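Along the sequence shown, residues are numbered consecutively beginning with 1. Predicted, not measured: the structure shown is a model, and the values here were computed from it.
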Amino acid sequence: MSGARMTQAQATSGSGRTMLLFGAVALLFAVTGVFQSWNLALNILNMALISSIMALGVNMQWGYAGLFSVGTMGFVALGGLAVVLISAEPVPGAWALGGPGIVAGLALGAAAIAVAIFAYKRLPKGKLRGFAVAGILIAGFFAYRAVFDPSVLAVETNDPATAGNLGGLGLPSLLAWPAGGLLAAAVAWAIGKTALGLRSDYLAIATLGIAEIIIAVLKNEDWLARGVKNVISLPRPVPYEINMQQSASFLDWANRYGLDPTTTSSIIVKLCYAGLFVVVLLAIIWLSEAALKSPWGRMMRAIRDNEVAAEAMGKDVTRRHLQVFILGSAVIGIAGAMMTTMDSQLTPGTYQPLRFTFLIWVMVIVGGSGNNWGSVLGGFLIWWLWVMVEPIGLWLMNVITYGMGDGWLKSHLLESAAHMRLLTMGLVLLLVLRFSPRGLMPEK
């Protein structure tokens with residue numbers, strides 16, 4: 001009886017701590033809205049929601065299975081690419097000039113790989129197998145390039161100032177979100193089949209390198225998504241602010257209540273996005289919690305804690321690692337598609353490891369590895385700090401240097417405000433790892 005009472009008391013205490021932490025973070029957003037602007041607060045909120053979903057994906061890989069993958073940036077970019085492929089309008093001229101050739105070239109390359117795999121599995125070990133596989137791959141590579149390169153050149157020379165790519169399918173933008181997850185999952189499967197047999201530190205290096213390869217492809221293959229020229233004006237699931245401001249009914253409504261149409265339209269659009277993002281976040285949390293509490297989730301944690309013991313019990317560790325790696329990558333891909341849809345543009349140059357790998361890992365560590373709600377808390381807290389610390393730091397430096405004469409010390413202090421973000425992230429990590437090593441919301 002006393003044990004039951006203790007468990008109930010611990011659960012009550014844990015719930016109270018959770019509510020207190022989320023309440024404190026909610027207060028930060030409310031203070032931002034009251035003292036700065038609700039537009040800014042909602043903008044931070046929407047990116048915090050997306051970042052929380054990314055953190056949930058990383059938490060599945062690391063918190064559930066102990067997979068140290070630092071390829072988050074690549075899967076976010078694949079989600080963004082899916083938005084272009086699904087919701088952008090097709091470019092008829094580009095398709096007429098080189099579309100069939102690009103499809104045929106890609107099919108030739110895939111066929112060469114498939115034939116090489118078939119030969120590798122069917123032929124006996126020895127030099128014959130090595131020469132056969134190498135010959136098939138080399139011949140397939142030259143055949144692929146012979147068909148693919150002229151078609152790419154034709155597409156990229158088709159009105160390069162405004163197009164120069166094949167475009168997409170012109171489907172509703174909401175369909176791009178699950179498509180982003182599927183594209184990221186497919187690439188994760190290919191990566192996992194080759195990299196998950198590596199030791200944890202080698203896996204980290206491999207996934208980081210593959211993420212950089214993905215970004216390099218997006219930047220250089222103009223036929224795919226215009227490279228560094230960017231794809232703009234992508235369809236959105238909510239109205240454009242300019243369209244609302246040109247609507248007579250909206251202007252009448254805003255004037256009736258004495259509201260500024262520009263600010264009000266921006267807030268309404270952000271609220272619409274926030275509603276969509278909350279639905280996706282809650283759905284992913286519900287599925288994640290159900291999976292974590294299922295026999296599959298208990299098995300994944302057993303594998304994470306002791307792979308040798310799990311293998312001795314007959315568990316296929318590599319296969320289970322592949323499963324959770326694909327699931328986590330799919331969630332990250334969905335978040336990447338959501339972000340690109342909100343921005344209404346794909347800009348490959350903005351995908352940086354600092355933002356889309358390091359910062360997401362900080363969210364998971366600070367929130368609590370293995371705890372889904374902890375990842376959400378970390379996503380909200382760390383993103384708010386990432387956005388707000390620099391202006392707060394500048395205000396603080398202005399206060400410190402108030403009354404100082406012009407000189408090197410004053411200028412140095414004012415310029416140091418630009419580095420407050422990195423200083424704060426490091427300080428937060430140090431404090432959490434020192435006083436709460438399992439995160440603000442530890443795994444139960």
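Closest approach of Leu346 and Leu234 over heavy atoms only: N-CD1, 4.0 Å. The shortest non-hydrogen separation linking Ser173 to Ser87 is CA-CB, 3.8 Å. Between Ala188 and Leu322 the shortest heavy-atom distance is O-CD1, 4.4 Å. Here the closest non-hydrogen pair linking Ala143 and Leu108 is O-CD1, 3.8 Å. A pairwise comparison of heavy atoms in Leu123 and Ala132 identifies CD1-CB, 3.6 Å as the closest pair. Val155 and Gly98 make their closest contact through CG2-CA, 3.7 Å (heavy atoms, listed as atom of the first residue, atom of the second, distance).
A salt bridge between Arg304 and Glu443 is present, with a side-chain N of the basic residue lying under 4.0 Å from a carboxylate O of the acidic one. Salt-bridge formation is detected for the pair Glu289/Lys293: a Lys NZ or Arg NE/NH1/NH2 atom is positioned less than 4.0 Å from an Asp or Glu carboxylate oxygen. Between Arg226 and Asp222, no side-chain nitrogen of the basic residue sits less than 4.0 Å from a carboxylate oxygen of the acidic one, so the salt-bridge criterion is not met. Using a cutoff of 4.0 Å between basic side-chain nitrogens and carboxylate oxygens, Arg320 and Glu307 are not scored as salt-bridged.
Side-chain contact between Leu359 and Met363 is present, with at least one heavy-atom pair separated by less than 4.5 Å. In this structure the side chain of Gln323 reaches within 4.5 angstrom of the side chain of Trp296, judged on heavy atoms. Annotation: side chain of Gln345 is not in contact with side chain of Thr340 (no heavy-atom distance under 4.5 Å). Side chains of Met47 and Met342 form a contact here, defined as non-hydrogen atoms less than 4.5 Å apart. Put simply, the side chain of Leu40 reaches to within 4.5 Å of the side chain of Met388, judged on heavy atoms. Phe29 is listed as a side-chain neighbour of Phe380, based on a closest heavy-atom distance under 4.5 Å.
To the nearest 0.5 angstrom, Arg421 atom CZ is 5.0 Å from Glu390 atom CD. In this structure, CE in Met73 is found 10.5 Å from OH in Tyr351, a value given to the nearest 0.5 Å. Distance check: Leu381 CG to Ser52 OG gives 10.0 Å after rounding to the nearest 0.5 Å. Here the CG atom belonging to Asn372 is positioned 9.5 Å from the CE atom belonging to Met441, to the nearest 0.5 angstrom. Rounding to the nearest 0.5 Å gives a distance of 5.0 Å between OH of Tyr64 and CE of Met60. The distance from atom OG of Ser329 to atom CG of Leu67, rounded to the nearest 0.5 Å, is 9.5 Å.
Without hydrogens or angle criteria, Ser37 side chain to Gly33 main chain gives no donor-acceptor distance under 3.5 Å. Side-chain N or O atoms of Thr207 include one that pairs as donor or acceptor with a backbone N or O of Ala204 at under 3.5 Å. Side-chain N or O atoms of Asn59 include none that pairs as donor or acceptor with a backbone N or O of Ala55 at under 3.5 Å.
Remark: Ile232 CD1 is loosely packed, at most 12 non-hydrogen atoms of other residues, nucleotides or ligands lying under 6.0 Å away. Heavy atoms from other residues, nucleotides or ligands lying under 6.0 Å from NZ of Lys229 number more than 12. Crowding of Tyr240 atom OH: a count of heavy atoms from other residues, nucleotides or ligands under 6.0 Å exceeding 12.
Under 3.5 Å, the side chains of Thr32 and Trp38 contain no donor-acceptor pair of N or O atoms. Using modelled atom types and a 3.5 Å distance limit, the side chains of Tyr273 and Asn43 yield no donor-acceptor pair. A side-chain donor from one of Thr162 and Asp159 sits under 3.5 Å from a side-chain acceptor of the other. Under the 3.5 Å distance criterion, with hydrogens and angles disregarded, no donor-acceptor pair is assigned to the side chains of Ser266 and Glu241. For the residue pair Thr72/Arg355, the side-chain donor-acceptor check at 3.5 Å is not satisfied. The closest side-chain donor-acceptor pair between Thr347 and Thr350 falls under 3.5 angstrom.
Close placement of the Trp253 and Tyr257 rings is indicated, their centers lying within 6.0 Å of each other. Note: Phe68 and Trp361 meet the aromatic proximity criterion, with ring centroids under 6.0 Å apart. Centroid-to-centroid, the aromatic rings of Phe148 and Trp223 come within less than 6.0 Å.
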_Checking Lys219 against Glu212 for the salt bridge (Lys or Arg N to Asp or Glu O under 4.0 Å) test, could you report, in this order, the C-alpha distance in whole Å, the side-chain angles of both residues, the deciding distance, and whether it holds?_
CA-CA 11 Å; Lys219 287 181 177 179; Glu212 292 291 349; over 6 Å; no
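A cation-pi geometry, defined here as NZ or CZ lying under 6.0 Å from the six-membered ring centre and within 45° of its normal, holds between Arg129 and Tyr120.
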